[in-house]
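Notes follow once the structure below has been shown.
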Amino acid sequence: MSDEVGSEEGEAFESLDFIREWVRNDNEAGTYGGRVQTRFPPEPNGFLHIGHAKSIFLNFRLAEEHGGTCFLRFDDTNPETEDISYVDAIKQDLAWLGVTPSGPDKFASDYFGQLYDWAEDLINKGLAYVDDQDAETISAQRGGFGQPGVESPNRDRPPEENLGLFRQMRDGAFDDGSMALRAKIDMQSDNMWLRDPVMYRIRRVPHHRTDSQWILYPTYDWAHGQSDAIEGVTHSVCTLEFADHRALYDWFLDQLDLPSDQPRQNEFARLNITHTVLSKRVLRTLVEEGHVDGWDDARMPTIRGLRRRGYPAAAIEAFVERIGVAKTNSVVEVELLESFVRTHHNKSALRRMAVVKPLKLTITNWPEGHVVMVDANNNPEDPDAGTRQVPFTGELWIEQDDFKLDPPPKYYRLTPGREVRLRSAFFVTATDAVVDDDGNVIEVLATYDPATEGGSSPDGRKVKSTMHWVSAPHAVDATVHSYDRLFTAEHPGSGDEDRQPLDDLNPASRETTQAKLEPALADVAPGQVVQFERLGYFAADVDDARVFHRTVGLRDEWANIQKRKKS
RNA sequence: UCCCGGGUAGUUCAGUUGGUAGAACACCAGACUUUGAAUCUGGCCGUCGCAGGUUCGAGUCCUGCCCCGGGAGCCA
């Protein structure tokens with residue numbers, strides 16, 4: 001045990017990711033006097049998904065590892081898309097993930113006053129100017145890749161005039177979009193973000209926190225680094241698409257009289273997962289076009305969706321820690337995530353029997369009306385989980401897939417003449433089957449061996465297969481949703497130039513059946529995850545415990561055998 | 001076209017001051033098994049993007065090239 005811990009520590013020390021190494025180096029060099037402060041800065045305009053979880057655990061654990069602090073800050077600089085409901089949802093999701101901000105939540109909007117004052121400072125220093133050209137003109141003047149921009153005719157407006165105009169902008173003298181405050185940097189820069197970026201725009205839109213106090217709203221670039229500095233952030237970690245903004249982040253900070261050490265930005269690659277889309281735009285379309293039931297549909301990669309699906313926060317964290325953080329653009333296989341979910345539930349989930357696609361099995365030599373209570377293990381992985389009593393009768397439900405009139409090769413399950421074990425109960429031998437007009441098996445007839453009670457034969461006879469079952473007179477009804485990938489393609493929307501992720505939507509991503517459950521399953525709490533033996537892990541719905549979602553199936557050797565045969 | 005990032009097993013990542021490549025997941029096989037699960041054991045897979053150069057020796061250093069991702073919102 002102690003050896004294991006020791007080697008884990010050694011390993012962790014040797015394989016720090018580049019972000020952790022960056023922070024550690026700063027610490028050793030005393031850059032921030034041993035202080036580490038990070039932040040998770042979502043814009044409250046949507047729901048968190050598993051991609052955010054990567055950033056969340058990185059930021060929060062990074063701070064913890066150094067005894068530092070990490071705040072939740074809402075980057076609420078664009079009132080047009082934001083809403084207070086998202087603020088609440090994000091806080092709930094964060095709490096569910098199990099991270100706790102170091103103090104009260106922060107909002108970029110809390111700094112609108114300070115940001116405004118700093119903007120006036122830049123104007124006075126001749127480093128910012130009011131441009132009364134429209135957005136289209138400004139964009140055109142910005143130039144292109146490899147072509148320099150052209151300077152705005154307003155670029156050399158004297159500071160006093162800029163200051164007057166800026167105050168008038170603030171006080172409502174101009175129309176929305178008619179004027180902007182721009183930083184005066186370098187229209188020739190190779191970095192587009194340095195070609196006099198916009199700092200303020202006029203928007204007469206009420207803000208979810210400041211209401212109509214402001215009509216002037218700072219852009220992301222003008223707000224972000226300054227918010228970091230105000231809060232005392234030391235290491236500002238974001239995703240790769242902001243790499244080009246770093247020069248601007250630094251430029252702004254360089255011009256100001258900061259209340260603390262200057263924070264620095266570093267970027268890592270965002271998370272991509274096969275058969276999954278993490279684009280907010282596409283996710284929104286899925287919801288709006290009704291391809292899923294909502295943001296919290298169990299097929300959604302949102303935190304709320306994963307929770308409904310039965311993915312535990314601890315497994316999500318283990319997953320994001322395992323994939324690590326790098327600058328390499330990468331696509332992780334969903335199977336890796338699923339394996340963490342299985343590993344987690346395998347240790348703790350109670351084992352229960354449930355028949356998801358029921359087929360009637362009648363034991364012809366069973367004494368009429370007789371009920372036997374059999375003892376069944378609650379979790380072979382956990383000796384403390386104990387056992388439970390399960391009623392067994394001559395009228396049972398078994399899985400449709402567990403009986404074949406005409407079995408394929410290597411099929412171990414029930415078929416006429418074959419004896420199998422009904423888990424924890426008896427050996428049974430199929431004798432006959434009732435078939436309907438379409439050739440579908442609607443009932444299996446079998447005999448049982450009374451000497452095999454408990455599931456083993458005194459003569460040492462072996463069976464090839466053990467199957468789950470539910471006593472029909474005792475069965476509890478439930479609705480079970482079994483899920484397949486939401487997108488059939490490994491990389492949705494890739495391939496053809498104009499192929500869209502939605503083109504790869506799986507029309508059969510959810511199969512809903514009416515299941516038969518053993519009586520103990522009536523006691524499952526909403527949100528609880530149990531293992532339906534031989535089928536997988538299933539989560540009782542968070543709102544209705546009579547509805548189950550298949551979290552993830554068990555590894556399925558039989559399915560692999562069939563798949564191999566096909567190809 | 002210009003700038004910034006990347007390119008190591010199927011996938012994600014390690015590879016310490018240069019000494020001819022590792023882990024996890026996936027896959028395959030065996031053992032065990034009252035879940036075709038779990039567990040245990042073993043195995044497979046690499047022209048370290050390409051080509052040159054420096055060196056006794058390069059995934060690691062140098063040069064050139066190729067490929068992939070991001071960047072021209074008054075979005076974040």
Side-chain angles (χ1 to χ4, degrees), chain A residues 11 14-17 41-43 45-46 75-78 80-82 131 134-136 138-140 142-149 176-182 189-195 197-203 217 219-221 223-224 238-247 267 269 274 280 319 322-340 342-343 346-347 351 353 376-377 380-381 410-413 421-425 427 452 454-456 463-468 490 531-536 553-561 564:
Chain A
E11 200 183 327
E14 303 248 317
S15 62
L16 285 186
D17 59 68
E43 184 187 16
N45 69 347
D75 256 352
D76 54 349
T77 55
N78 182 6
E80 293 185 301
T81 58
E82 295 159 8
D131 200 338
D134 59 33
E136 212 169 287
I138 289 176
S139 172
R142 191 115 49 204
F145 301 138
Q147 300 141 270
D176 285 16
S178 63
M179 290 196 165
L181 183 73
R182 292 227 260 165
S189 176
D190 285 332
N191 184 339
M192 289 298 190
W193 292 102
L194 259 24
R195 319 248 264 221
V198 168
M199 297 166 62
Y200 274 102
R201 44 345 181 160
I202 303 172
R203 286 289 121 88
Y217 289 100
T219 55
Y220 162 84
D221 289 291
H224 200 90
C238 60
T239 43
L240 243 27
E241 66 268 27
F242 292 102
D244 290 324
H245 295 243
R246 189 170 65 231
E267 313 87 18
T274 54
K280 213 177 264 182
F319 167 73
R322 189 69 192 77
I323 60 176
V325 12
K327 277 190 189 288
T328 321
N329 264 297
S330 59
V331 185
V332 184
E333 293 170 334
V334 246
E335 288 84 354
L336 183 61
L337 208 209
E338 290 171 346
S339 96
F340 276 97
R342 277 196 205 99
T343 302
N346 179 46
K347 282 178 279 184
R351 310 292 129 125
M353 291 195 285
N377 206 331
E381 300 292 316
K410 298 256 195 113
Y411 187 81
Y412 297 161
R413 283 111 99 146
R421 170 166 40 235
L422 293 180
R423 176 141 227 227
S424 308
F427 283 12
T452 55
S456 59
V463 289
K464 275 275 207 184
S465 168
T466 300
M467 300 177 2
H468 61 278
E490 199 166 289
Q531 185 193 93
F532 289 177
E533 285 195 279
R534 302 208 307 135
L535 297 178
L554 261 21
R555 266 196 72 230
D556 190 347
E557 178 62 18
W558 175 235
N560 281 351
I561 289 170
R564 247 178 286 150

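Just so we're clear, the structure is a prediction, and the values are computed from it rather than from any experiment. Letters A, B, ... are given to chains in the order of the sequence lines, protein chains preceding strands, and every chain is numbered from 1.
Among the heavy atoms of the strands lying under 4.0 Å from Glu333(A) is at least one base atom, whether or not backbone atoms are also near. Within 4.0 Å (heavy atoms only), Leu422(A) reaches no atom of the nucleic acid at all. In this structure, Val331(A) reaches the sugar-phosphate backbone alone: every heavy-atom distance under 4.0 Å involves primed, P, OP1 or OP2 atoms, never a base. When heavy atoms are screened at a 4.0 angstrom cut-off, His224(A) is found touching no nucleic acid atom at all. Using a 4.0 Å heavy-atom distance criterion, Phe427(A) is classed as making no nucleic acid contact. Within the 4.0 angstrom heavy-atom criterion, no nucleotide atom of any strand lies near Thr274(A). Nucleic acid contact class of Leu535(A) (heavy atoms, under 4.0 Å, all strands): none. Within 4.0 Å of Ser465(A), counting heavy atoms only, lies no atom of the nucleic acid at all. Among the heavy atoms of the strands lying under 4.0 Å from Arg555(A) are primed sugar atoms or P, OP1, OP2 only; no base atom is included. Within 4.0 Å (heavy atoms only), Glu338(A) reaches no atom of the nucleic acid at all. Looking at heavy-atom distances under 4.0 Å, Pro380(A) makes contact with a base. Across all strands shown, Arg182(A) has no heavy atoms under 4.0 Å from either base or sugar-phosphate atoms.
Rounded to an integer number of Å, the gap from Asn78(A) CG to rC74(B) P is 12 Å. Trp193(A) places its CH2 atom 6 Å from the C1' atom of rG73(B), with the value rounded to the nearest Å. What separates CD of Glu241(A) from C1' of rA76(B) is a distance of 9 Å, to the nearest Å. If you measure from atom CG of Leu337(A) to atom C1' of rC13(B), you get 16 Å, rounded to the nearest angstrom. Between Arg195(A) atom CZ and rG73(B) atom P the separation is 11 Å, expressed in whole Å. Rounded to an integer number of Å, the gap from NZ of Lys327(A) to P of rG7(B) is 11 Å. Rounded to whole Å, atom P of rU12(B) lies 10 Å from atom CD1 of Ile323(A). We find that CG of Leu194(A) is positioned 13 Å from P of rC4(B), with the value rounded to whole Å.
Phosphate proximity of rG71(B) to Arg142(A): absent, as no side-chain N or O sits under 4.0 Å from OP1 or OP2. In this model, the phosphate group of rC27(B) is approached by a side-chain N or O of Asn560(A) to a distance below 4.0 Å at OP1 or OP2. Contact check, Arg534(A) against rU33(B): no side-chain N or O comes under 4.0 Å of OP1 or OP2. For the pair Arg246(A) and rG5(B), the criterion of a side-chain N or O lying under 4.0 Å from OP1 or OP2 is not met. The shortest distance between the side-chain N/O atoms of Thr77(A) and the OP1/OP2 oxygens of rA76(B) is below 4.0 Å. When the side-chain nitrogen and oxygen atoms of Thr219(A) are compared with OP1 and OP2 of rC74(B), none of them lie within a distance under 4.0 Å. The side chain of Ser330(A) places an N or O atom within less than 4.0 Å of a non-bridging phosphate oxygen (OP1 or OP2) of rC13(B).
Using a 5.5 Å limit on the distance between ring centres and a 30° limit on the angle between planes, the aromatic ring of Tyr412(A) counts as stacked on the six-membered base ring of rG36(B). Stacking of the aromatic ring of Phe145(A) onto the base of rG71(B) is found: the ring centres lie under 5.5 Å apart and the planes are inclined by under 30°.
Comparing the P positions of rG69(B) and rU39(B) gives a spacing of 38 Å, expressed to the nearest Å. Atom C1' of rU47(B) sits at a distance of 13 Å from the matching atom of rA51(B), rounded to the whole Å. Nucleotides rG49(B) and rU35(B) place their P atoms 46 Å apart, quoted to the nearest Å.
Of the possible polar contacts, one joining the Arg142(A) side chain to the Arg195(A) backbone as a donor-acceptor pair under 3.5 Å is found. A donor-acceptor pair is defined here as one N or O able to donate and one able to accept, closer than 3.5 Å; no such pair exists between the side chain of Thr328(A) and the backbone of Ser330(A).
Considering only side-chain atoms of Phe242(A), the nucleotide from rU1(B), rA38(B), rA76(B) that sits closest is rA76(B). Of the listed nucleotides (rC2(B), rC25(B), rA72(B)), rC25(B) has the atom at the smallest distance from the side chain of Ser339(A). Looking at the side chain of Thr328(A), the nearest of the listed nucleotides rC74(B), rC13(B), rG36(B) is rC13(B). Listed nucleotides rC25(B), rU35(B), rA76(B) differ in distance to Arg351(A); the shortest reach to its side chain belongs to rU35(B). Closest to the Thr466(A) side chain, of the nucleotides rU35(B), rC25(B), rG71(B), is rU35(B). With rA76(B), rG69(B), rU35(B) as the candidates, the nucleotide lying closest to the side chain of Asn329(A) is rG69(B). Of all nucleotides listed (rA76(B), rU35(B), rC74(B)), rA76(B) comes nearest to the side chain of Asp75(A). Closest approach to the Arg322(A) side chain among rG6(B), rA26(B), rA24(B) is made by rA24(B) (side chain taken as heavy atoms from C-beta onward). Here rA37(B) is the nucleotide among rA37(B), rC28(B), rC74(B) with the atom lying nearest to any side-chain atom of Glu381(A). With rG36(B), rU12(B), rA72(B) as the choices, the nucleotide that has an atom nearest any side-chain atom of Lys410(A) turns out to be rG36(B).
Between Asp75(A) and His224(A), the closest side-chain pair of non-hydrogen atoms falls below 4.5 Å. Looking at Asn346(A) and Glu381(A), their side chains come closer than 4.5 Å, going by heavy atoms from C-beta outward. Looking at Asn78(A) and Asn45(A), their side chains never come closer than 4.5 Å, going by heavy atoms from C-beta outward. Looking at Trp558(A) and Arg413(A), their side chains come closer than 4.5 Å, going by heavy atoms from C-beta outward.
The existence of a salt bridge linking Glu333(A) and Arg322(A) is excluded, since no basic side-chain nitrogen approaches an acidic carboxylate oxygen closer than 4.0 Å.
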Go through the steps for Thr274(A) and Glu335(A) under the test side chain to side chain contact (heavy atoms under 4.5 Å, CB included), then give the verdict. CA-CA 9 Å; Thr274(A) 54; Glu335(A) 288 84 354; 4.3 Å; yes
Check step by step if side chain to side chain contact (heavy atoms under 4.5 Å, CB included) holds for Tyr200(A) and Met179(A). CA-CA 9 Å; Tyr200(A) 274 102; Met179(A) 290 196 165; over 6 Å; no
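In this structure, rA23(B) and rU12(B) make a Watson-Crick or G-U wobble pair, each of the two defining distances being under 3.5 angstrom.
Of the two residues near RNA chain B, Gly143(A) and Ser456(A), the one whose nearest nucleotide lies more 5' is Ser456(A). With RNA chain B read from its 5' end, the first of the two nearest nucleotides for Ala135(A) and Phe532(A) is the one closest to Phe532(A).
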